[in-house]
Amino acid sequence: MRKIEDSIFKVEDEHTSGLYHKRHLAITRGAGALVWDAEGREYIDCDTGHGIAVLGHCHPKVVSAIVNQASALLTCGESFYSEPRARLLQVLTSVLPRALGRIFLCNSGTESVEAAVKFARLATGRTKIVACKRGFHGRTLGSLSATWNPGYRAPFEPLVPGFVHITFNDYEEAHDVIDTSTAAVIIEPVQGEGGVIPATPEFLSYVRELCTERGALLVFDEVQTGMGRTGAFTASQEYGVVPDILCLSKGLGGGLPIAAVAFNPDLITLTPGVHASTFGGNPVACAAAAAATEALIEERLPERAKELGARFMALLSEVLSPCAVVREIRGKGLMIGIELKARSGRYLQMLQERGILALAAGPTVIRLLPPLVITWPQLERVAETLASVLVEATPALERV
Ligand SMILES: *Cc1c(COP(=O)(O)O)cnc(C)c1O
């Protein structure tokens, strides 16, 4: 078995782009909240490809939708009609706020943000876009202009002009910066990459009011928070704030690449040719996404994320209380961040050695994005393992 793994490492190490920090693990199989490596070792997956596997790995309904659609038709552009696409549009518009009655389909999170920015410029005739510090919206040039992290931006400047960043959850800055030249305000209701930081409900409703008053469109980037992750189908629904444009991706395809930009047709009118995507609305991706969304609703996974998330946060506060290295535990639903007083890298490695996959969110935050189907005993194991790893590693810090 070692041999298989070594040969995978060798080829990837030699020929892959070099853009990723590689974790020494070749994952070959997944089911529910578990994955297995090439040596047959089992892991509880709280990384899930940065939150993609909201339904768990290889959800049977998603798998059978993919298999059935793949054997019927693999490709069909948006110039033609397609049953799986209609089914996806139907189910998405039935679960999203009524105002978001139209949907543009594309293939990744960053593309959905690009589209949102273009739609906002088009609808308002304005070019200024207000984003938030610590926000993350993707890596292509338009989305990167909305992304805050200077490390991601600096090598690629100059970026798209017109983007400004305000402090997340700061009313005064919002009040001063969002004006009548603003095309859109783009916000993650819970900042993911920036460290798992929930917006205050007051901030989101205040920005909603400002946008309406000043004629700017409100864009929620729910690429990470959507699909039940934070305890409702979208975090906006959990917060009770309706945006004008909403981006979904990560979990949407049940594992396949797809993104959706839902928008308010009373504010945005799109005509043929102003934007497009060759692969957008692909029938296999749509079949997977429709099945994933239907399963999410049928299995009441957003509600489950809410209940389990609250219980799990309480358990974490209890078991991590002796860990001096922990600064704060925060999150919403099953989107959880544990901020440390130290860099998270070695703890993530220790967790991996003990059968738990988690990810970082910035240098000091351990981020947990488990599938919403994860069981309570599995979450208990995650909490125990975290406690053991963080307690063991703590003595050096207590002396600080
Ligand atoms: C992951 C993410 C993106 C970018 O998605 P890609 O599919 O990697 O382009 C954009 N916005 C948010 C909030 C994300 O979490």
Side-chain angles (χ1 to χ4, degrees), residues 17 19-21 46-54 104-120 129-149 151-153 156 159-160 163 165 168 184-199 204 218-230 233-236 238-239 243 245-262 277 279-280 282 285 288-289 292 331-337 358-362 365 367-370:
S17 62
L19 288 169
Y20 302 93
H21 286 293
C46 297
D47 170 298
T48 57
H50 283 69
I52 288 173
V54 286
F104 167 69
L105 295 169
C106 50
N107 316 287
S108 65
T110 196
E111 269 179 85
S112 70
V113 172
E114 294 286 337
V117 168
K118 284 181 73 178
F119 298 169
I129 308 282
V130 177
C132 288
K133 289 179 183 160
R134 301 187 75 161
F136 181 84
H137 301 288
R139 308 278 202 150
T140 54
L141 286 170
S143 309
L144 185 60
S145 309
T147 290
W148 178 73
N149 190 330
Y152 296 162
R153 298 164 61 92
F156 303 102
L159 297 176
V160 178
F163 285 77
H165 292 85
F168 193 56
V185 179
I186 178 160
I187 295 182
E188 295 161 88
V190 182
Q191 292 188 324
E193 188 78 18
V196 189
I197 308 166
L204 291 189
L218 179 60
V219 180
F220 278 171
D221 178 350
E222 296 231 32
V223 166
Q224 192 165 146
T225 53
M227 297 303 285
R229 170 69 58 200
T230 61
F233 182 66
T234 58
S236 2
E238 178 69 17
Y239 278 98
I245 304 179
L246 184 135
C247 299
L248 289 175
S249 185
K250 294 204 164 85
L252 177 60
L256 288 198
I258 183 169
V261 185
S277 165
F279 277 116
N282 172 275
K332 211 168 182 54
L334 282 172
M335 179 171 179
I336 290 164
L359 69 162
V365 176
R367 179 170 31 159
L368 303 173
L369 298 174

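As the structure is a prediction and not an experimental result, all values here were calculated from the model. Just follow the structure's listing: the first ligand is 1, and inside any ligand the first atom is 1.
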Under a 3.5 Å cutoff, is there a donor and acceptor pairing between the side chains of T110 and T140?
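Checked: T110/T140 side chains pair up, N/O donor to acceptor below 3.5 Å.
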Can you produce the list of protein nitrogen or oxygen atoms under 3.5 Å from a nitrogen or oxygen of ligand 1, alongside each distance?
unit_1	atom_1	unit_2	atom_2	d
ligand 1	7 (O)	G109	N	2.8
ligand 1	9 (O)	T110	N	2.8
ligand 1	11 (N)	F136	O	3.4
ligand 1	11 (N)	D221	OD1	3.4
ligand 1	11 (N)	D221	OD2	2.7
ligand 1	15 (O)	Q224	NE2	2.8
ligand 1	15 (O)	K250	NZ	2.6

Can K133 and F168 be said to form a side-chain contact (heavy atoms from CB on, under 4.5 Å), step by step?
CA-CA 6 Å; K133 289 179 183 160; F168 193 56; 5.8 Å; no
Sequence neighbours left out, what passes salt bridge (charged side-chain N to carboxylate O under 4.0 Å, His left out) with E188? Give chain and number order.
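With neighbours one apart ignored, the set is empty.
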Decide whether a cation-pi geometry holds between K332 and Y239; the criteria are a distance under 6.0 Å from NZ or CZ to the six-membered ring centre and an angle within 45° of the ring axis.
yes
Evaluate the side-chain contact (heavy atoms from CB on, under 4.5 Å) criterion for residues F163 and V117: first the C-alpha distance (whole Å), next the side-chain angles of each, then the deciding distance (0.1 Å), finally the verdict.
CA-CA 10 Å; F163 285 77; V117 168; 4.1 Å; yes
Working note: I245 + F119, criterion side-chain contact (heavy atoms from CB on, under 4.5 Å); need CA distance, chi angles, decisive distance, verdict.
CA-CA 9 Å; I245 304 179; F119 298 169; 4.2 Å; yes
